[in-house]
Amino acid sequence: MSQSLTICRPDDWHIHLRDGQALEHTVPDAARYFGRAIIMPNLVPPVIQAEQALAYKERILAARPEGSNFDPLMVLYLTDNTSADDIARAKEAGVVACKLYPAGATTNSDSGVTDIKNVYPALDAMQEHSIRFCLHGEVTDSSIDIFDREQRFIDSTLQQLNKDFPELKMVLEHITTKDAADFVNAAGDNMAATITAHHLLYNRNHMLAGGIRPHYYCLPILKRSSHQEALIAAACSGSPKFFLGTDSAPHAKHAKEAACGCAGAYTAYAAVELYAEAFEDANALDKLEGFASHFGPDFYGLPRHDDTITLVREDWTVPDSMDFGDSDLVPLRAGETLRWRVA
Ligand SMILES: NC(=O)N[C@@H](CC(=O)O)C(=O)O
Ligand SMILES: [Zn+2]
Ligand SMILES: [Zn+2]
């Protein structure tokens, strides 16, 4: 049993840092060892213009710990009205990706897209400017069972998008099903996916059996264990199509532990440690580096980092709660033991 593991510095290709006072906590957690991160734009109001992305980036940079080189990669939130011009200005501002939130699909998605055809002009411009397309892949029709919404999105929307924009590099984010893993595997090089640590470690029994555990509630929702197994196989396959995106999504404790609790799990405080557990359980620790540190930058056309981080085997107890601006936050695995720590 190896006692330490050194890998190329990883990046997080999907994270929610939120805004305001929360940044004082979320940014140092992400910057602890991630070199870069794709910053989700679902703020209130959302980041829909280049100027907003630049201003948000400044607020993130201001929250970095002394000496940190953490590089936030900014993302524009697509709406029904995003124009080709908006995309051109975003490119100039250094925005690397645009994000599809089907309207109503998830946290702060009210300004999202009501009909995929509405963003076709923006997608054309993104293809032209080589801006990545990040997708929250779930249908929103209230008649569709919540456990089927990702698979339905693939059939109803993603297949067509892939045909209509063969040159557009797309990331199906936080995949949760075997259907998604199979689709991405079978698609061309333009199609990749991120996988969260919690979808590798858990299935819906962890959330619902023996009592309801709101801190495991996230979107897309945890599925049955056969899907979890397919995600583990994809992440550990060594395929460059699958890479790290934590979807660390903090909500205040009172907003999670409520009659109608928010979706999202906070994992950024120990993201690589959590992934290491999942890869170790699958006997695939040797595959962690590609997934965490190589395939993401390769897909985004960015250089891999030339420095490393070291994980050491060391049990430690996750705090019951953490500071989160003017409230508290309960991290995933609160009060439990983790078995790796980044030195
Ligand atoms: N994943 C989640 O459950 N929540 C995310 C939104 C998202 O990534 O869909 C959030 O912003 O809270
Ligand atoms: Zn999402
Ligand atoms: Zn997210």
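Numbering of ligands and ligand atoms starts at 1, following listing order.
Here Phe291 and Phe279 bring their ring centres to under 6.0 angstrom of each other. If you look at His174 and His136, their ring centroids are closer than 6.0 Å.
Relative ring orientation between Tyr202 and His206 is described as perpendicular, the plane-to-plane angle rising above 60° on a 0-90° scale split at 30° and 60°.
Checking only distances, Gly264 does come within under 3.5 Å of ligand 1, N or O to N or O. Note: no N/O pair closer than 3.5 Å links Lys99 and ligand 1 by distance alone. Ligand 1 has a nitrogen or oxygen under 3.5 angstrom from a nitrogen or oxygen of Ala263.
Using a cut-off of 4.0 Å between Lys/Arg side-chain N and Asp/Glu carboxylate O, Glu280 and Arg339 are scored as salt-bridged.
Residue His251 places a heavy atom under 4.0 Å from ligand 1. No heavy atom of Glu173 sits closer than 4.0 Å to any atom of ligand 1.
Remark: the Tyr300 side chain and the Asp11 side chain contain no N/O donor-acceptor pair separated by less than 3.5 Å.
For His136, every N, O or S atom stays at 2.8 Å or more from the Zn ion (ligand 3). The Zn ion (ligand 3) lies under 2.8 Å from an N, O or S atom belonging to Asp247. The Zn ion (ligand 3) has no N, O or S atom of His174 inside 2.8 Å of it.
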Next item on the list: Take Asp86 and Ser83 through the side chain to side chain donor-acceptor pair (under 3.5 Å) test and state the conclusion after the steps.
Entry: CA-CA 5 Å; Asp86 294 333; Ser83 66; 3.2 Å; yes

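The option from Thr246, Thr107, Thr106 that lies nearest to atom 9 (O) of ligand 1, judged by heavy atoms, is Thr106.
Applying the 4.0 Å criterion to heavy atoms of Cys218 picks out, from ligand 1, the atoms 3 (O).
Judged by distance alone, with hydrogens and angles left aside, the side-chain atoms of Glu289 form no donor-acceptor pair with the main-chain N or O of Ile7 at under 3.5 Å.
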